[in-house]
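Report on one structure; see the data block that follows.
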Amino acid sequence: MSGMHSFAAWTAFALLASTIDARPQVHRHRRPHGQGTASADDLYTAVATPTATATNFPSLSIQPSHHSLSSTAPYGFTASGFAAAPTVTHSRGQPYANASSTASPIGQPNSPYPLNDTNSASATSSKYPAKFRGVNLGSWLVLESWMTPDVFQGTDAVNQWTFDSTDGAEARLQQHWSTYITEGDFQNMSSWGINAVRIPIGYWAYNNSGTPYITGADAYLETAIGWARQHGIWVMIDCHGSPGSQNGAEHSGHAGAVSWQSDDNLQLSIVVLQTIAAKYGAMQYADVVMGIELVNEPKIGSGANSLATTQAWAAQAYHAVRATAENKALYILHHDGFTGVQSWAAVGTELNSDSAPSDEDQGTFALDLHLYQNQDPADKSLSLDQHIAKACAYPTTDLLLPSNTSTATLPLFVGEFSAQISIPNTTDGIWTPDLLEGTRKVFEAQIDAFEHSSQGWFVWSLKQGGDTGAWSLEAIMENVYAGEAITERKYPGICPFG
Ligand SMILES: *[C@@H]1O[C@H](CO)[C@@H](O)[C@H](O)[C@H]1NC(C)=O
Ligand SMILES: *[C@@H]1O[C@H](CO)[C@@H](O)[C@H](O)[C@H]1NC(C)=O
Ligand SMILES: *[C@@H]1O[C@H](CO)[C@@H](O)[C@H](O)[C@H]1NC(C)=O
Ligand SMILES: *[C@@H]1O[C@H](CO)[C@@H](O)[C@H](O)[C@H]1NC(C)=O
Ligand SMILES: *[C@@H]1O[C@H](CO)[C@@H](O)[C@H](O)[C@H]1NC(C)=O
Ligand SMILES: *[C@@H]1O[C@H](CO)[C@@H](O)[C@H](O)[C@H]1NC(C)=O
């Protein structure tokens with residue numbers, strides 16, 4: 001997951017870890033067992049240097065269809081051309097027809113992105129549901145020890161990298177992959193009214209060269225996509241772990257240094273994304289795969305990734321994936337790195353408003369935002385009403401596009417959020433009537449806000465280890481919704497925008 005929003009939140013995280021959830025502190029990098037070679041370690045010990053700037057990108061040898069990447073400033077913008085990042089503050093799945101080449105593509109210029117459910121004209125003109133109501137399949141193909149402690153039991157591993165270095169890791173992984181998520185989960189999600197899943201997967205599933213990472217996850221992704229198709233659920237494929245680690249967090253596969261932004265790592269990221277796009281962007285998947293996410297939660301800031309490089313890379317990766325994927329209706333998503341919608345508006349406008357309207361290599365660049373209310377220290381002291389008010393304000397805060405930007409130029413997704421908050425606090429798994437009511441209110445306020453001002457939302461996460469609290473959508477459905485569909489409202493109009 002997720003979660004660690006800003007540098008401030010990041011550093012405060014250790015203080016909160018014991019009270020908000022069971023997640024450990026960010027671990028220092030450990031040398032992998034049995035990996036003495038320079039290549040394995042170099043991937044991570046290389047300091048994130050500022051050498052990979054927007055202007056030296058032409059050294060990358062990515063070959064999208066007809067956009068030249070060989071000139072100085074790709075796509076007419078430079079690092080300095082972007083607005084400075086603001087201070088980081090912080091229905092039941094409907095069965096759908098299989099896509100065909102005649103499916104009305106969304107992502108053409110001026111095509112209306114449905115803003116809300118009442119906007120039925122555009123909803124029916126698209127093969128996609130008016131809103132994606134989704135959930136993440138966290139800690140399945142990318143392990144997170146706080147979510148699946150049982151898998152780590154008996155090892156001293158702290159993340160995927162170190163886990164994959166332990167004896168017998170491959171057998172344990174196969175066991176986890178084949179049992180943690182099954183077709184029954186898709187059946188259940190569909191019965192709850194979930195119509196989309198976001199599936200985190202690591203780049204190493206496609207190229208583990210020079211690392212201890214174990215491959216094999218892609219076969220499970222493919223199987224899951226088949227189940228999703230059977231049960232009327234759309235799939236967003238989320239590259240959650242990038243070469244060198246894009247954020248130094250456990251959920252990137254490797255806790256420690258942030259070494260993504262070297263030329264080699266950035267280039268390998270794109271090659272892997274092209275592999276994913278060639279496979280899952282093919283038309284035979286167009287009835288079930290709705291998006292590919294280029295990178296999850298790249299950490300931006302001093303000593304980490306630069307925003308300018310991230311945005312220049314985003315453009316390159318976008319064009320490479322766009323050119324590789326046959327399915328031009330795919331959303332190609334990028335996480336905002338917790339820098340906010342404002343700092344990505346110009347990128348979206350650039351990528352989604354190509355100068356040639358008939359150009360196939362343009363389309364739907366979308367921004368993924370992770371809106372948690374349990375990571376920022378300030379959230380800890382909010383009352384229930386304040387949590388609800390904060391959720392209801394998203395359309396005018398985190399999800400507010402600049403006035404000269406439209407949802408057609410920058411569609412938004414909330415790829416992660418949680419109903420796990422301090423008040424009500426369900427970390428002990430005891431659902432008192434107050435907690436049931438509070439969690440339902442906070443959940444409804446959040447999804448009302450997300451459906452008001454984005455293309456959809458994805459709960460983090462479907463399952464949460466042995467925890468039966470509000471991190472787990474399973475627990476929410478069992479306890480809070482108790483048989484009702486997720487589209488039902490117990491508190492209709494809880495947000496003033498109605
Ligand atoms: C939530 O409840 C658990 C168990 O009662 C407690 O240990 C924890 O401190 C509480 N967390 C917060 C943020 O209040
Ligand atoms: C979609 O295609 C798959 C595989 O070709 C097929 O099994 C399924 O029946 C099709 N679904 C619809 C709704 O046509
Ligand atoms: C929702 O759709 C209705 C009907 O098309 C429209 O009047 C309204 O402005 C939309 N809401 C938003 C936030 O765009
Ligand atoms: C699906 O839901 C049922 C009813 O809550 C539950 O018994 C079953 O274990 C769930 N299946 C999976 C695979 O989680
Ligand atoms: C896999 O990654 C390595 C770098 O770690 C690279 O040299 C190699 O070309 C890549 N293989 C493929 C098939 O892309
Ligand atoms: C919006 O307007 C501002 C100020 O004129 C400009 O700097 C920015 O690039 C514009 N953004 C878009 C997405 O057009």
Side-chain angles (χ1 to χ4, degrees), residues 2 5 52 54 57 60 62 64 67 74-75 77 79 82-83 85 88 107 113 132 136 198-201 203 236-243 246-247 251-252 258 260-261 265-266 269-270 272-274 276-277 280-281 289-300 304-325 330-354 361-371 398-399 401 405 407-416 454-456 458:
S2 100
H5 285 189
F57 261 83
L60 298 183
I62 308 304
H67 276 274
Y75 319 119
F77 54 78
F82 290 109
V88 179
Y113 288 86
F132 291 99
N136 284 271
R198 179 171 178 263
I199 305 185
I201 190 165
Y203 85 93
M236 181 195 293
I237 299 168
D238 155 37
C239 187
H240 212 71
S242 300
Q246 74 280 18
N247 52 35
H251 51 74
S252 71
V258 180
W260 176 49
Q261 290 193 346
N265 285 338
L266 292 171
S269 304
I270 292 179
V272 163
L273 289 164
Q274 285 178 302
I276 294 171
Y280 296 115
V289 175
M290 50 68 69
I292 295 175
E293 182 153 7
L294 303 173
V295 64
N296 179 65
E297 298 190 358
K299 190 180 180 188
I300 310 288
N305 309 303
S306 96
L307 181 59
T309 303
T310 305
Q311 294 187 326
W313 177 87
Q316 291 214 328
Y318 167 80
H319 283 290
V321 166
R322 181 82 189 154
T324 307
L330 269 188
Y331 280 103
I332 298 171
L333 298 105
H334 196 292
H335 186 265
D336 75 324
F338 302 108
T339 60
V341 167
Q342 298 279 337
S343 52
W344 288 87
V347 179
T349 302
E350 178 69 30
L351 297 180
N352 288 336
S353 333
D354 195 286
D361 186 17
Q362 61 167 324
T364 314
F365 178 83
L367 197 64
D368 175 22
L369 301 153
H370 295 175
L371 301 178
D398 301 71
L399 296 174
L401 290 165
T405 307
T407 53
T409 54
L410 191 58
L412 305 178
F413 282 82
V414 179
E416 294 184 17
S454 78
Q455 306 308 308
F458 295 77

Assign the ring pair Phe132 / Phe413 to parallel, tilted or perpendicular, where the plane angle (0 to 90°) is split at 30° and 60°.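 The rings of Phe132 and Phe413 sit tilted, inter-plane angle from 30° to 60°.
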Any non-hydrogen side-chain atom of [X] less than 4.5 Å from a side-chain atom of [Y]?
X	Y	value
Leu330	Val289	yes
Val414	Leu399	yes
Ser269	Val295	no
Leu412	Leu401	yes
Leu410	Phe365	yes
Ile237	Ile199	no

For [Y], does its backbone N or O pair with a side-chain atom of [X] as donor and acceptor, under 3.5 Å?
X	Y	value
Asp368	Gly415	yes
Asn305	Lys299	yes
Thr309	Ser306	no

Rounded at 0.5 Å granularity, tell me how far [atom1] in [X] sits from [atom2] in [Y].
X	Y	atom1	atom2	result
Thr364	Gln455	OG1	CD	9.5 Å
Thr324	Arg322	OG1	CZ	11.0 Å
Glu416	Leu369	CD	CG	11.0 Å
Thr405	Asn352	OG1	CG	11.0 Å
Ile201	Glu293	CD1	CD	13.5 Å
Tyr203	Asn265	OH	CG	7.0 Å

Write down the atom of Met236, the atom of Leu333, and the distance for their closest heavy-atom approach.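 It is CE-CD2, 3.7 Å.
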Indicate the atoms forming the closest heavy-atom contact of Ala408 with Pro411, along with that distance.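 Taking every non-hydrogen atom into account, O-CD, 4.3 Å.
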Can you check side chain to side chain contact (heavy atoms under 4.5 Å, CB included) on Phe338 and Ile300, steps first, answer last? CA-CA 8 Å; Phe338 302 108; Ile300 310 288; over 6 Å; no
Show, in sequence, the C-alpha distance, side-chain angles and deciding distance for Val341 and Asp336, and conclude whether the side chain to side chain contact (heavy atoms under 4.5 Å, CB included) test is met. CA-CA 7 Å; Val341 167; Asp336 75 324; 6.0 Å; no
With no hydrogens and no angle check, just 3.5 Å: does a side-chain donor-acceptor pair link Gln261 and Thr310?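 Yes, because at least one side-chain N or O of Gln261 sits under 3.5 Å from a partner of the opposite role on Thr310.
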Does the pair His334 and Trp313 meet the rule for a side chain to side chain contact (heavy atoms under 4.5 Å, CB included), with working shown? CA-CA 10 Å; His334 196 292; Trp313 177 87; 3.7 Å; yes
With Asn296, the side chain to side chain donor-acceptor pair (under 3.5 Å) member among Gln246, Arg198, His335: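 It is Arg198; the other options fail the test.
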